[in-house]
Peer 1: 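Please see the structure below; I have some questions.
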Amino acid sequence: MLSYFSVVAYDASAATRAHETYRMPTNLNLRISPRTVQQETVDKLRLAIFSGLFQPGSRLIESQLCTQLGISRPSLREALRSLEAERLIEIVPNRGPSIPALTWEKATAIYEVRELLEVEAAGRCASRIRPEQVLELEKSLSAFEEAASSNDSLAQVMTAADFYSIILANCGNPVLEEVHRGLVARISFFRGRSMSLEGRAQSSLAEMREIFESIAAGDEKAARKASKKHLLKAKAAAKLSMDGAV
């Protein structure tokens, strides 16, 4: 029997000959499906939460969700654990999953962290972004403009998230981007609330365009200023929408 060390010290030329002899079977399909039941379930439930289908404080009945989604309970529970990790739902022992109650304290904490991360990211992005990425940022802004014009609240939330993801990806600090990514679901949740106010989407578009123009011009100071202005207005809009929901 070959020892571990004899296996490690095998003849490299033999390995080369084996590689040259082996051919991948032409009928072997190694393609992996890009979607799984669990991931699709997570995506659908996340969008349902963003769109307001499930209201804050409401319980999620597993049997009903399994029927609506057409999936098994184990698949559903796996998806619910993923959403719990994103802080979009709470799973309480002996009570089951529910949508967390909306509090202004939570919203304030989210907006404070957004200001720390996004203002810094916008300024850094202005001095680092490549021309081809400026074009991608412009495309994402156009997508948000289209969503704002159509009054599609869900599309507004998703296209706004795309706009910021490009800024974060080009800020030159992968840790900053990683931290922000962990907040995206909760940011989108509160963004959906603020976008529900009449006229807010158009105001947000003007603010985002100011951020884009500053970044495209390479003006770090202006990008930071525009980003902070946008966040303060978004925070005020979220406060109004939550006061109206009480």
Side-chain angles (χ1 to χ4, degrees), residues 43 46-47 49-51 86-88 106-150 152-197 200-238 241:
D43 290 345
R46 187 189 294 115
L47 290 175
I49 294 170
F50 289 167
S51 64
E86 295 180 15
R87 305 293 192 272
L88 286 178
K106 286 183 180 179
T108 297
I110 291 292
Y111 279 101
E112 286 176 352
V113 176
R114 277 190 68 185
E115 183 175 341
L116 290 171
L117 298 176
E118 293 179 14
V119 171
E120 176 67 14
R124 292 173 62 90
C125 180
S127 63
R128 291 168 172 82
I129 193 167
R130 301 185 305 276
E132 63 271 21
Q133 288 301 308
V134 172
L135 292 177
E136 289 301 311
L137 189 61
E138 186 174 25
K139 287 179 184 177
S140 69
L141 182 62
S142 296
F144 178 79
E145 182 175 14
E146 184 177 343
S149 299
S150 65
D152 186 337
S153 58
L154 186 55
Q156 291 166 11
V157 170
M158 303 313 291
T159 53
D162 289 341
F163 178 82
Y164 286 103
S165 70
I166 295 172
I167 292 176
L168 269 293
N170 288 277
C171 75
N173 187 325
V175 176
L176 193 157
E177 181 187 6
E178 180 183 347
V179 173
H180 188 272
R181 193 183 303 121
L183 294 168
V184 166
R186 282 170 284 175
I187 288 172
S188 294
F189 183 76
F190 287 109
R191 181 176 284 138
R193 302 296 300 187
S194 66
M195 291 288 186
S196 67
L197 290 179
R200 175 56 200 158
Q202 291 298 331
S203 297
S204 189
L205 173 62
E207 295 154 18
M208 289 163 65
R209 182 174 287 117
E210 189 175 348
I211 295 172
F212 165 74
E213 290 173 351
S214 300
I215 290 175
D219 191 331
E220 182 176 344
K221 183 177 179 181
R224 290 176 185 273
K225 182 179 178 180
S227 181
K228 185 168 184 176
K229 171 185 172 184
H230 172 59
L231 282 166
L232 291 176
K233 288 184 176 294
K235 181 179 178 181
S241 69

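Just so you know, residue 1 is the first one in the sequence shown, and it goes up from there.
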Peer 1: Can you sort out the partners of Ser214 under side chain to side chain contact (heavy atoms under 4.5 Å, CB included), two or more places apart, ordered by chain and number?
Peer 2: Ala222, Ala223, Ala226
Peer 1: Is there side-chain contact between Val157 and Phe189, with at least one heavy-atom pair below 4.5 Å?
Peer 2: no
Peer 1: Let me see the working for Val134 and Phe212 under side chain to side chain contact (heavy atoms under 4.5 Å, CB included), right down to the final yes or no.
Peer 2: CA-CA 8 Å; Val134 172; Phe212 165 74; 3.9 Å; yes
Peer 1: Between Glu118 and His180, is a side chain to side chain donor-acceptor pair (under 3.5 Å) present by the stated rule, with each step listed?
Peer 2: CA-CA 8 Å; Glu118 293 179 14; His180 188 272; 2.9 Å; yes
Peer 1: Could you walk me through whether Lys235 and Ser194 pass the side chain to side chain contact (heavy atoms under 4.5 Å, CB included) check?
Peer 2: CA-CA 8 Å; Lys235 181 179 178 181; Ser194 66; over 6 Å; no
Peer 1: Output yes when Glu207 and Arg200 qualify as a salt bridge under the 4.0 Å nitrogen-oxygen rule, no when they do not.
Peer 2: yes
Peer 1: Is any side-chain heavy atom of Asn170 closer than 4.5 Å to one of Leu137?
Peer 2: no
Peer 1: So, is the end of the Arg114 side chain (NZ or CZ) under 6.0 Å from the ring centre of Phe190 and within 45° of the ring's axis?
Peer 2: no
Peer 1: Taking side chain as C-beta onward, heavy atoms only, is Leu205 less than 4.5 Å from Arg209?
Peer 2: yes
Peer 1: Test Glu86 against every option in Arg186, Arg46, Arg181 by the salt bridge (Lys or Arg N to Asp or Glu O under 4.0 Å) rule and name the one that passes.
Peer 2: Arg46
Peer 1: When you compare the side chain of Glu115 with that of Ser227, does any pair of heavy atoms fall below 4.5 Å?
Peer 2: no
Peer 1: Examine distances only and state if a side-chain atom of Ser241 and a backbone atom of Ala238 form a donor-acceptor pair shorter than 3.5 Å.
Peer 2: yes
Peer 1: Can you check whether Arg224 reaches Lys221 side chain to side chain, under 4.5 Å on heavy atoms?
Peer 2: no
Peer 1: Is the backbone of Ala201 close enough, under 3.5 Å, to the side chain of Ser204 for a donor and an acceptor to pair up by distance?
Peer 2: no
Peer 1: When you look at Ile211 and Ile167, which way does the side chain to side chain contact (heavy atoms under 4.5 Å, CB included) test go after all the steps?
Peer 2: CA-CA 10 Å; Ile211 295 172; Ile167 292 176; 4.1 Å; yes
Peer 1: Would you call Asp162 and Phe144 a side-chain contact if the rule is heavy atoms closer than 4.5 Å?
Peer 2: no
Peer 1: Side-chain contact test, heavy atoms from C-beta onward, threshold under 4.5 Å: evaluate it for Ser188 versus Arg191 and give yes or no.
Peer 2: yes
